[in-house]
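Below, each value reflects all heavy atoms present in this structure, side chains not excepted, and no hydrogens, waters or symmetry copies.
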Amino acid sequence: MPAWISVGLVEDSDQRLLDLRNGLLQRPAHISPKFFYDAQGCALYSAICELAEYYPTRTEAAIFERHRDAIARRLPRGVQWVDLGCGDGAKSWPWLKPVEARRWVGVDISPEWLSMSLQAGGQQFVEVEFVGVATDFTRPLQLHHVLGQRPHWPRVFFYPGSSIGNFPPEQALALLGSVREHLGPEGRLLIGIDGVKDKAVLEAAYDDALGVTAAFNRNVLRVVNRELDADFDARRFAHRAVFNSRDSRIEMHLVAQGVQQVHLGTDQRVFDDGEAIVTEYSYKYTPESFAALLREAGFGSSWHWSDERGWFHVFVAGA
Ligand code: AVJ
């Protein structure tokens with residue numbers, strides 16, 4: 001039976017809702033991308049990963065497939081494999097044998113995803129210890145206690161999918177620094193990074209022909225309605241995705257189609273016609289800019305692998 005460890009609810013739910021409400025009252029209004037991922041949002045994100053235009057997931061998978069042995073040679077053996085934002089855990093499984101994993105530590109904001117992945121992994125890898133930590137890593141990681149339970153098992157932090165792109169450089173640096181502090185002797189970070197590329201390719205990936213990403217974006221308004229007792233009309237907000245090359249990020253917006261008065265519980269907010277709510281930034285790096293960020297976060301060594309087109313980069317970093 002997999003152990004279930006829940007490290008408190010690291011973010012208390014009152015604060016979470018206050019932040020959500022305040023973000024919507026500010027100008028410009030914004031919603032943290034962590035609110036995308038209710039059950040409907042997770043399903044839509046899975047559909048995004050199948051889209052022809054959305055290349056990151058399959059490009060990263062191809063790099064992993066092709067270079068698994070070379071990458072694994074840069075990782076220790078007998079490890080605690082820490083999957084940050086594990087989701088269903090599927091991206092982890094092919095790595096557990098090559099690194100002779102003794103323990104899998106799934107970290108995710110969603111307890112539902114965690115219990116799914118613990119179940120799935122526990123059945124497939126009977127010799128491996130399975131632990132789940134329900135937390136939100138928009139704040140510093142607090143895994144010293146859990147990882148310290150197995151003091152001699154080296155740690156590999158796995159952060160695939162270019163999810164770090166959701167954080168502005170400042171916060172990305174803080175998260176990387178926090179991972180760096182958890183590494184211990186021989187520890188490594190294995191991370192996937194989406195590359196800077198042609199603007200048209202980037203924008204198509206975030207504004208696909210079938211409108212799946214638009215649905216994913218607008219779904220967040222249903223989440224807000226539920227969480228804040230609000231009355232957004234999702235049909236009256238349009239999806240927009242633009243690449244801001246100065247800041248090297250995709251920006252996703254929801255743009256009001258006509259003036260709209262929205263109740264947020266007991267508050268009210270009027271959106272002008274054409275006013276945008278910022279729902280997500282997705283930062284893109286070059287191999288050089290990401291290597292520099294790793295150095296700044298205190299990593300002394302790094303290696304990387306890319307696909308032929310140079311669209312996506314996989315890094316291993318160590319102390
Ligand atoms: C899950 C953060 C990696 O930024 O590409 C996909 C989320 N948003 N399409 C990304 C997302 C719109 C995705 N990450």
Side-chain angles (χ1 to χ4, degrees), residues 4-45 82-87 105-118 131-146 159 163-168 170-175 177-179 181-182 216-234 237 252-254 256 260-271 275-282:
W4 166 266
I5 301 182
S6 167
V7 174
L9 250 196
V10 170
E11 185 186 43
D12 74 81
S13 51
D14 292 349
Q15 190 57 46
R16 182 183 134 84
L17 295 185
L18 280 175
D19 291 347
L20 177 59
R21 193 197 58 151
N22 288 336
L24 282 164
L25 294 175
Q26 281 166 22
R27 281 167 198 282
H30 55 89
I31 301 170
S32 165
K34 68 188 174 195
F35 290 101
F36 281 136
Y37 301 96
D38 71 339
Q40 179 71 81
C42 288
L44 286 166
Y45 182 62
V82 186
D83 188 333
L84 298 176
C86 61
V105 181
V107 183
D108 206 277
I109 192 172
S110 153
E112 292 81 22
W113 279 120
L114 272 177
S115 62
M116 270 187 45
S117 53
L118 288 168
V131 179
V133 179
T135 184
D136 169 355
F137 38 88
T138 56
R139 45 206 72 212
L141 297 173
Q142 291 172 18
L143 300 173
H144 293 292
H145 174 70
V146 174
Y159 197 27
S163 296
I164 194 152
N166 273 175
F167 295 104
E170 240 26 3
Q171 280 176 45
L173 190 62
L175 178 56
S178 177
V179 170
E181 278 169 23
H182 282 75
F216 173 75
N217 195 9
R218 290 152 80 206
N219 176 62
V220 82
L221 296 178
R222 292 177 54 250
V223 175
V224 173
N225 285 347
R226 200 164 59 226
E227 297 279 350
L228 292 185
D229 189 22
D231 56 2
F232 277 100
D233 181 353
F237 283 83
M252 290 213 316
H253 300 144
L254 288 166
Q260 294 174 60
Q261 192 181 46
V262 177
H263 298 91
L264 304 166
T266 54
D267 293 304
Q268 268 191 41
R269 170 72 152 90
V270 176
F271 292 91
E275 191 179 341
I277 304 172
V278 178
T279 51
E280 184 174 52
Y281 291 152
S282 192

**Study point:** Verdict with supporting geometry, L228 and L24, side-chain contact (heavy atoms from CB on, under 4.5 Å)
**Key:** CA-CA 11 Å; L228 292 185; L24 282 164; 4.0 Å; yes
Indicate the atoms forming the closest heavy-atom contact of [X] with [Y], along with that distance.
X    : Y    : value
S117 : C86  : OG-SG, 3.8 Å
I164 : Y159 : CB-CE2, 3.6 Å
L20  : E227 : CD2-CB, 4.1 Å
F167 : A172 : CB-N, 3.7 Å
R27  : V270 : NH2-O, 4.0 Å
A29  : R269 : CB-NH2, 3.6 Å

Review point. Counting only heavy atoms not in H145, do more than 12 sit closer than 6.0 Å to its NE2 atom?
Key: no
Exercise for review: Kindly check if the number of other-residue, nucleotide or ligand heavy atoms within 6.0 Å of CD (E170) is above 12?
Suggested key: no
At what distance, to the nearest 0.5 angstrom, does [atom1] of [X] lie from [atom2] of [Y]?
X    : Y    : atom1 : atom2 : result
L143 : H182 : CG    : NE2   : 4.5 Å
R16  : L18  : CZ    : CG    : 12.0 Å
H30  : L25  : NE2   : CG    : 10.0 Å
E280 : N217 : CD    : CG    : 8.0 Å
I109 : L114 : CD1   : CG    : 10.5 Å

Review point. Backbone N or O of M252 within a donor-acceptor pair of the T279 side chain at under 3.5 Å?
Key: yes
Point to revise | Under 3.5 Å donor-acceptor, D108 side chain and G87 backbone | key: yes
Review point. Taking atom types as modelled, is there a side-chain donor on N225 or R222 under 3.5 Å from an acceptor on the other?
Key: no
**Study point:** Under 3.5 Å side-chain donor-acceptor pair for N22 and Q26
**Key:** no
Heavy atoms, side chains only, cut-off 4.5 Å: are [X] and [Y] in contact?
X    : Y    : value
F271 : I277 : yes
Y37  : S110 : no
D136 : K34  : yes

Practice item. Please determine which of D231, L254, D233 meets the side chain to side chain contact (heavy atoms under 4.5 Å, CB included) test together with L221. Key: L254
Review point. Would you call D38-R226 a salt bridge at under 4.0 Å N-O?
Key: yes
Exercise for review: Report yes if the distance between the aromatic ring centroids of F237 and F232 is under 6.0 Å, otherwise no.
Suggested key: yes
Practice item. Apply the test side-chain contact (heavy atoms from CB on, under 4.5 Å) to residues D267 and R21: give CA-CA distance (whole Å), side-chain angles for both, the deciding distance (0.1 Å), then the verdict. Key: CA-CA 9 Å; D267 293 304; R21 193 197 58 151; 2.7 Å; yes
